[in-house]
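Structure first, commentary second.
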Amino acid sequence: MRKTDKKIEKSLREALTEACETALERYEGFQWLTHFVSYDDFPASLSIVCVYDTNAHLAKTNNESMRALIKEKLASIGIKMKDCRQQVRFDTEEDCDNDNDGRWNERFR
């Protein structure tokens, strides 16, 4: 990872941590989020996964509001998402438990 990539990663983590903290307060059942990125194709390669505890809570959440929150936090550090609807996706711990026995590393492959 290049020095500039490390700086972007640090800013990205900070902005996503802020989004996560806000989401924990706003959205019932929201648990955590993570991101994946290839800096050779940044920001188009940026992918964010928002994880809820159950499918029932995910079904009740306002996905567009969550995407807007993430987009706003990233914009505050100068990162513009090309296609927020494709780059921010949703999952549940319930589905990971059922489909992958709780192994997120397998689920994210």
Side-chain angles (χ1 to χ4, degrees):
M1 188 181 281
R2 298 174 299 219
K3 191 174 182 178
T4 55
D5 296 342
K6 287 181 183 180
K7 287 182 179 180
I8 294 169
E9 178 67 21
K10 183 178 184 292
S11 296
L12 185 58
R13 276 195 327 264
E14 289 170 355
L16 290 175
T17 297
E18 287 180 25
C20 185
E21 289 170 355
T22 301
L24 285 166
E25 295 172 5
R26 278 189 200 169
Y27 305 104
E28 184 180 0
F30 174 79
Q31 298 296 302
W32 51 280
L33 60 78
T34 191
H35 73 285
F36 303 94
V37 65
S38 170
Y39 285 101
D40 293 332
D41 187 25
F42 182 79
S45 67
L46 179 60
S47 174
I48 299 166
V49 182
C50 303
V51 179
Y52 286 75
D53 55 358
T54 65
N55 291 324
H57 280 138
L58 177 56
K60 285 194 261 181
T61 198
N62 182 335
N63 292 353
E64 292 311 310
S65 174
M66 181 66 162
R67 284 186 176 108
L69 169 65
I70 291 169
K71 190 174 183 176
E72 173 190 320
K73 294 296 182 183
L74 294 179
S76 75
I77 59 167
I79 297 173
K80 294 191 188 315
M81 296 186 83
K82 189 171 189 172
D83 187 355
C84 201
R85 291 187 62 71
Q86 279 194 315
Q87 290 178 273
V88 177
R89 56 193 175 108
F90 299 86
D91 205 343
T92 65
E93 291 178 341
E94 179 181 357
D95 280 348
C96 183
D97 288 341
N98 292 336
D99 300 341
N100 303 91
D101 295 321
R103 292 189 213 105
W104 285 101
N105 58 336
E106 288 180 12
R107 191 163 184 82
F108 289 145
R109 279 190 202 165

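These numbers were taken from a predicted model, which means no experiment stands behind them. Heavy-atom basis, side chains included; hydrogens, waters and symmetry copies ignored.
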Just wondering, do [Y] and [X] contact through their side chains at under 4.5 Å, heavy atoms?
| X | Y | answer |
| --- | --- | --- |
| Tyr39 | Thr4 | no |
| Leu74 | Leu16 | yes |
| Glu14 | Ile77 | no |
| Pro43 | Lys82 | no |
| Glu93 | Trp104 | yes |
| Val88 | Asn63 | no |

Linked, directly or transitively: [X] and [Y] (ILVMFWY side chains, under 4.5 Å):
| X | Y | value |
| --- | --- | --- |
| Leu69 | Val51 | no |
| Leu24 | Ile48 | yes |
| Val49 | Leu12 | no |
| Phe108 | Leu46 | no |

Which value, rounded to the nearest 0.5 Å, describes the distance between [X] atom [atom1] and [Y] atom [atom2]?
| X | Y | atom1 | atom2 | answer |
| --- | --- | --- | --- | --- |
| Thr54 | His57 | OG1 | NE2 | 5.0 Å |
| Asp40 | Arg2 | CG | CZ | 6.0 Å |
| Arg67 | Gln87 | CZ | CD | 10.5 Å |
| Asp91 | Tyr52 | CG | OH | 12.0 Å |
| Lys6 | Glu9 | NZ | CD | 11.0 Å |
| Thr61 | Met66 | OG1 | CE | 7.0 Å |

Between [X] and [Y], which heavy-atom pair has the shortest distance, and what is it?
| X | Y | answer |
| --- | --- | --- |
| Val37 | Ser45 | CG2-OG, 3.5 Å |
| Ala19 | Ile70 | CB-CG1, 4.3 Å |
| Cys20 | Trp32 | SG-CA, 4.2 Å |
| Asn55 | Glu94 | N-OE1, 2.7 Å |
| Cys50 | Leu33 | CA-CB, 4.1 Å |

